[in-house]
2 protein chains.
Amino acid sequence: MIPDVIDNDSLAQCMLLRKLSPTEWQAILSGGREHRVLPGEYFFHQGEESNQLYILLAGQVKLTQVTEAGNQVVIGYLRPGDGLGIVVALSNMLYPLSAEAMELCLAVGWARDDMKALMLHYPQLALNSLEMVGERFAELQERFRDLATRRVEQRVARALLRLVRQFGKRVAEGVLIDIPLSRQSLAEMTGTNLYQVSRLVSRWEKEGVVQSEHQRITILKAHELVILGEDL
Amino acid sequence: MIPDVIDNDSLAQCMLLRKLSPTEWQAILSGGREHRVLPGEYFFHQGEESNQLYILLAGQVKLTQVTEAGNQVVIGYLRPGDGLGIVVALSNMLYPLSAEAMELCLAVGWARDDMKALMLHYPQLALNSLEMVGERFAELQERFRDLATRRVEQRVARALLRLVRQFGKRVAEGVLIDIPLSRQSLAEMTGTNLYQVSRLVSRWEKEGVVQSEHQRITILKAHELVILGEDL
DNA sequence: CGTAAAATTGACGCTAATCAAGGTCCGTGG
DNA sequence: CCACGGACCTTGATTAGCGTCAATTTTACG
């Protein structure tokens, strides 16, 4: 049974459950299990058998890959309402990446076969999943194109803008990216190294475009970043 | 009505229709329309409203994107059995890329809403779609990681190996990549330019790893390419 | 046979990765 | 509360990798 922590408001805005009735929510959710994951712990690791999929209800999650050579790549970050391992688990693949909780996370998890059964019974569930995957797919494609065609400066600028869209929080001076964000992670998102990122952020800070503290970046002039990202 | 050209054999191996019965195939296919697309023509263009989705039955299709700056990126190639615009159309997005027929193509196309209705009626259809998307997603993620962490030489080597897996055809000397493949296209797949690709292919040809004619590449020593792709 | 597209090769210059050295911030335990 | 260690960040110098331009050759196709 799903605890009271999961109120109807947070469920209503979850894309997986759209166009389904609250009574159907109950049926679907009771097929899953509640999971709590502590900061620093993992939902799953790259390379494991994928037999479990989740919907994140609270907390932030970081998705990373490691290459054979040991290089890390940050695939992205998740917010409440996002899905974890949905396509992967349904395709019987190994998890292609690791999902780490950046703070205390609350999620609902289903066994692969249970979710398949649910989807066969509530086809709208599968349609919603397709839509969720579609958005993620589009974003990955955009980032792929960035990596293929743009220079480091533009890629980092655009990565910051994406993070603003996802985690932006209005503050007095501008928009704060409300996750702990190291130079290293930004580099791993944009296919470069921490040195380049550090240089860029330092320069932008001198120019008054951004403002940065330890692991925190605030965008002061988003329009400037847009221009930098477009390459002119 | 779907013509006889579409025999049961080619349908049986189409992932979209797996775990469905031949009578269900008929119902699903009769909700769609047959399309023929001539070489050089397009299923759809980047930026158009996506209200149509397809399953490719015969022919090869090239997926490309253009950036604002005018750079082309090759997202990939499709074979018979692959889907076109499935996620995109179901997510009510604009087509994020263009799909060009490289030869005479035969496909079944559905209107977005018709396919949604079919999926609600035959949930297995939606599950199969999710699985198809999953594979494509994993491949894109792999290529993203390549772009983020590997040097040009490795990326091109690995792109060739992927193409071998997809379009490889055993010939006397080795494995032919059985699509017209220009240096330019190979460059657009790997985030570099035709000059680098030309140099690499020339060198590999001197070393006896590959053999190339106009727009055709044959891999003679795949294991060598694997080593090059791993970076040692 | 002529034209346009595709491919080759060399030279040059810039971008970005790498290495090194030192500074800053943070949580932990004495 | 302060000292310490580890993670995070900065900045400069160096160099390798890569993109770009230019000139030429090869190939396909009408």
Side-chain angles (χ1 to χ4, degrees), chain A residues 39-40 62 67 69-74 100 102-103 146-157 159-160 177 179-207 210-218 228-229 231-232, chain B residues 39-40 62 67 69-74 100 102-103 146-157 159-160 177 179-207 210-218 228-229 231-232:
Chain A
K62 182 175 181 178
T67 67
N71 295 313
Q72 261 218 10
V73 180
V74 174
E100 178 189 356
M102 304 203 307
E103 47 186 33
D146 279 5
L147 222 36
T149 63
R150 307 184 113 98
R151 280 174 297 113
V152 169
E153 180 176 19
Q154 305 162 43
R155 298 205 301 265
V156 176
L160 284 179
I177 294 171
I179 49 170
L181 185 66
S182 67
R183 305 286 185 263
Q184 178 70 34
S185 293
L186 250 181
E188 286 166 358
M189 293 185 73
T190 50
T192 182
N193 54 53
L194 76 164
Y195 307 108
Q196 306 287 342
V197 172
S198 179
R199 279 180 238 278
L200 285 169
V201 175
S202 294
R203 210 177 70 210
W204 291 338
E205 196 156 16
K206 281 195 197 93
E207 296 168 2
V210 306
Q211 180 182 319
S212 90
E213 295 145 68
H214 188 71
Q215 304 241 59
R216 289 160 57 90
I217 296 185
T218 306
L228 285 167
D231 188 18
L232 305 170
Chain B
K62 182 177 181 176
T67 66
N71 295 313
Q72 262 217 10
V73 179
V74 174
E100 178 189 357
M102 303 203 303
E103 49 187 31
D146 279 5
L147 222 36
T149 62
R150 306 186 113 98
R151 282 175 293 114
V152 168
E153 179 175 20
Q154 306 162 42
R155 298 206 300 265
V156 175
L160 284 179
I177 294 171
I179 48 170
L181 185 66
S182 67
R183 305 285 185 263
Q184 177 70 33
S185 294
L186 207 40
E188 287 167 357
M189 294 185 72
T190 49
T192 181
N193 55 52
L194 74 164
Y195 306 107
Q196 306 287 341
V197 173
S198 179
R199 278 179 237 279
L200 285 170
V201 175
S202 294
R203 209 178 71 210
W204 290 339
E205 196 157 16
K206 280 196 197 91
E207 295 169 2
V210 306
Q211 179 182 320
S212 90
E213 294 146 67
H214 186 72
Q215 307 241 57
R216 289 161 57 89
I217 295 185
T218 306
L228 286 167
D231 187 19
L232 307 170

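Just so it is clear: chains get the letters A, B, ... in the order the sequence lines come, proteins before strands, and each one is counted from 1. When reading the values below, keep in mind they use all heavy atoms of this one structure, side chains included, and skip hydrogens, waters and symmetry mates.
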| field | Pair A/Arg183, A/Ser212: side-chain N/O donor-acceptor within cut-off below 3.5 Å | value | yes
| task | Mind calculating the distance between CH2 (A/Trp204) and P (D/dC9) to the nearest angstrom? | result | 15 Å
| Between D/dC9 (C1') and A/Leu186 (CG): distance, integer Å | 13 Å
| Distance, rounded to the nearest Å, where B/Leu194 contributes CG and D/dT26 contributes P | 17 Å
| request: Taking atom CZ of A/Arg203 as the centre, report whether more than 12 heavy atoms of other residues, nucleotides or ligands fall under 6.0 Å from it. | output: yes
| message | What is the distance, to the nearest angstrom, from the CG atom on B/Asn71 to the P atom on D/dC18? | response | 18 Å
| Within this structure, what is the CD-to-P distance between A/Gln215 and C/dC25, rounded to whole angstrom? | 13 Å
| Between P of D/dT25 and CZ of B/Arg183, the distance in whole Å | 19 Å
| field | Spacing of B/Glu205 atom CD relative to C/dT9 atom C1', expressed in whole Å | value | 15 Å
| Would you say the side chain of B/Val156 lies within less than 4.5 Å of the side chain of B/Leu228, judging by non-hydrogen atoms? | no
| Think B/Ser198 has a side-chain N or O under 4.0 angstrom from the OP1 or OP2 of C/dT8? | yes
| So, is A/Ser202 near the phosphate of D/dC9, with a side-chain N or O under 4.0 Å from OP1 or OP2? | no
| request: Quick one: closest heavy-atom pair of B/Leu186 and B/Thr190, and the distance? | output: O-OG1, 2.8 Å
Check nucleotides 28-30 of chain D for protein N or O atoms closer than 3.5 Å to its own N or O atoms and list the pairs.
none

| task | Measure the angle between the two terminal helix axes of the helix from C/dC1-D/dG30 to C/dG30-D/dC1, five base pairs each, and quote it to 10°. | result | 40°
| query | So what does B/Glu213 hit on the nucleic acid, given a heavy-atom distance under 4.0 Å: a base, only sugar-phosphate, or nothing? | reply | nothing
| message | Return a single string for nucleotides 15-21 of chain C, one symbol per nucleotide in 5' to 3' order, where B is base contact, S is sugar-phosphate-only contact and - is none, cutoff 4.0 angstrom on heavy atoms. | response | SSBBBB-
| field | Short N-O contact, A/Arg151 and A/Asp231, less than 4.0 angstrom | value | yes
| request: Go through the steps to decide whether B/Gln154 and B/Asp146 satisfy the test side chain to side chain contact (heavy atoms under 4.5 Å, CB included), and finish with yes or no. | output: CA-CA 8 Å; B/Gln154 306 162 42; B/Asp146 279 5; over 6 Å; no
